[in-house]
Amino acid sequence: MVTFNRVTLSNGLKVLIHEDHTTPMAVVNILYNVGARDEDPDKTGFAHLFEHLMFGGSVNIPSYDEPLQRVGGENNAFTSNDITNYYITLPASNLETAFWLESDRMLSLAFSEKSLEVQRNVVSEEFKQRYLNQPYGDVWLRFRPLVYKEHPYKWATIGKDLSHIENASIDDVRSFFKKHYNPSNAIMVVGGDVNPEEVQKLAEKWFGSVPPGDKPVRNLPQEPEQVEARRETIKADVPLNALYIAFHMPGRNTQAYYETELISDILSRGNSSRLYFNLVKEQKLFSDVNAYVTSSIDPGLFVVEGKPLEGVSTEEAERSVWNELERLKTELIPVDELTKVKNKIESTMVFAEMSLLDKAMNLAFFELMGNAADLNNETERYLKISAEEIQSRAASVFRKENSSTLIYLANK
């Protein structure tokens, strides 16, 4: 059970405080309700570029990392299609340093041509290295536009095209910041060896005077139901052929999401899971094969990906995957198999409750989705799923007309 207090400042900043006196550390996590889905289709990659810019120094603090390192702190951030999340861990006795740093960059990020140039180059290099010059690196650059036709999930977090980042102007960046990076669009979680009254005072002192800004209104095009199977085959300089199949599935805030994620665990969690046991170990068709969900807030994807062994045709590999999916639709999962998968999920949840940073991130995310307290019902939502619900969910997701298949053929 993760307990917390909630305070909302007059400028709209939500502050959640979680006491955990088993550690001398504290964490300050700030989630901004902006991700790649909020970008202009002609200016993509901005949420991720911004994550980098936020470390480029603010008007009053030219170096973000230096003061933090002096007090024994560490920081990092990540961007997804839905959110941008920044976090600091440091000794609880130095908590105020984190407030000072985070409030200053929320209030007055330094926009200089130099900082923009530096971070633009960093992101462009990342785009080239990770997405363009690496085997299978461009899979999501190709796959997302195959699977999504309307919703802005159709581009990856890094962006649709390298030119969007290369051409980003200081005005573009400034307006993106003004629109999304304000207290009314942020959730702050402070956890660890902290005192709630003290945290509230610090929040008022450092964030209370930041102007609220306007909360952005999100009005995204919805993805229409897919009515026919899609396929794309590409020849590429990759070591092995590869197979990717994606299915549309319900969004993160539904019970159907939990059913679908549980199916991904049945198929792909551990060496006794169905895909590994049947297709890697027994039939020796794949070198590796996995199933996972994208966990998107809006309707996301269930993905199966694998690399067939040399000498196994992509047709045979694909057929074997569909056989496993069909089994879920036609046979009820045995009680002991379902129990084993649920036990693994439960132990993961218990383990996550031991990590201060995980708790802080999860509280922020669940608050964004409606209520941080829902974090405490998360395990229950998996445990109550029946074999019949698994079968019914499999039947609704694993339909040919709901599938998009991407095949990489290795240039021989």
Side-chain angles (χ1 to χ4, degrees), residues 80-81 126-149 153-162 226 228-249 260-261 263-271 273-296 300-328 394 397-412:
S80 74
N81 290 72
E126 183 186 343
F127 199 119
K128 288 173 194 161
Q129 275 180 1
R130 283 182 53 193
Y131 297 84
L132 301 181
N133 301 337
Q134 198 169 307
Y136 319 106
D138 61 351
V139 59
W140 285 102
L141 299 181
R142 293 174 177 278
F143 209 17
R144 281 187 176 277
L146 180 66
V147 182
Y148 287 103
K149 297 302 177 190
Y153 285 161
K154 65 185 174 186
W155 57 83
T157 313
I158 193 81
K160 200 192 298 189
D161 195 282
L162 182 54
Q226 186 176 337
E228 58 180 11
R230 299 173 188 152
R231 299 184 74 80
E232 193 178 319
T233 302
I234 42 184
K235 287 195 165 154
D237 290 323
V238 291
L240 292 167
N241 295 341
L243 166 71
Y244 299 84
I245 309 172
F247 301 88
H248 291 280
M249 62 169 276
T260 318
E261 204 198 355
I263 291 173
S264 76
D265 280 4
I266 292 165
L267 286 172
S268 180
R269 186 166 184 172
N271 290 352
S273 65
R274 292 184 173 195
L275 293 179
Y276 182 84
F277 188 81
N278 296 335
L279 306 190
V280 176
K281 209 169 156 194
E282 291 285 302
Q283 297 173 43
K284 297 187 171 40
L285 295 171
F286 285 86
S287 59
D288 69 272
V289 59
N290 290 296
Y292 55 89
V293 300
T294 54
S295 301
S296 313
L301 301 177
F302 183 104
V303 181
V304 182
E305 64 172 65
K307 298 187 177 62
L309 285 168
E310 289 276 1
V312 175
S313 71
T314 52
E315 290 78 13
E316 187 184 359
E318 194 177 338
R319 209 164 35 244
S320 71
V321 168
W322 275 100
N323 288 343
E324 292 301 326
L325 301 180
E326 289 299 330
R327 261 183 72 207
L328 284 164
V397 174
F398 304 136
R399 295 172 292 114
K400 278 281 196 301
E401 66 272 21
N402 186 38
S403 72
S404 298
T405 306
L406 180 66
I407 292 170
Y408 277 76
L409 294 178
N411 278 327
K412 287 285 180 269

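Starting from 1, each residue takes its place in the sequence as its number.
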> In a check of side chain to side chain contact (heavy atoms under 4.5 Å, CB included) between Lys149 and each of Gln226, Arg230, Lys154, which one passes?
Replying inline: Arg230

>> Can you confirm whether Lys128 is buried at NZ, in the sense that more than 12 heavy atoms of other residues, nucleotides or ligands lie under 6.0 Å from that atom?
In response: yes

> Taking the six-membered ring where the residue is Trp, are the ring centres of Phe247 and Trp322 under 6.0 Å apart?
Replying inline: yes

>> Please give me the minimum heavy-atom distance between Phe302 and Val293, naming the atom from each residue.
In response: CD1-CG1, 3.8 Å

>> Tell me whether Glu316 is salt-bridged to Arg319, with the criterion being a basic N under 4.0 Å from an acidic carboxylate O.
In response: no

> What closest approach, in Å, do Ala246 and Leu301 show between heavy atoms, and which atom pair accounts for it?
Replying inline: CB-CD1, 4.4 Å

> Around atom CG of Asp237, are there more than 12 heavy atoms of other residues, nucleotides or ligands at under 6.0 Å?
Replying inline: no

> Ignoring hydrogens and geometry, is there a side-chain-to-backbone donor-acceptor pair from Ser287 to Lys307 under 3.5 Å?
Replying inline: yes

> Hey, does the side chain of His248 reach the backbone of Val147 with a donor-acceptor pair shorter than 3.5 angstrom?
Replying inline: yes

> If you look at every heavy atom in Ser403 and Ile245, which pair is closest and at what distance?
Replying inline: CB-CG2, 4.2 Å

> When rounded to the nearest 0.5 angstrom, what is the spacing between CD1 in Ile234 and CG in Leu409?
Replying inline: 8.5 Å

> Roughly how far, to the nearest 0.5 Å, is CG of Leu162 from CZ of Phe127?
Replying inline: 5.5 Å

> Quick check: does any side chain N or O of Asn290 sit under 3.5 Å from a backbone N or O of Glu305, one acting as donor and the other as acceptor?
Replying inline: no

> Going from CG on Asp161 to CG on Leu141, what distance comes out if it is rounded to the nearest 0.5 angstrom?
Replying inline: 9.0 Å

>> Please enumerate all residues that pass side-chain contact (heavy atoms from CB on, under 4.5 Å) together with Glu282, with sequence neighbours excluded.
In response: Phe277

>> Quick check: closest heavy atoms across Val397 and Asn402, and the distance to 0.1 Å?
In response: O-ND2, 2.9 Å

>> On a heavy-atom basis, which atom in Tyr136 and which in Ala242 lie closest, and how many Å separate them?
In response: CE2-CB, 3.6 Å

>> For Glu401, is the CD atom crowded, meaning more than 12 foreign heavy atoms sit under 6.0 Å from it?
In response: yes

>> Within the structure provided, determine whether Thr314 and Thr233 are in side-chain contact (heavy-atom separation under 4.5 Å).
In response: no

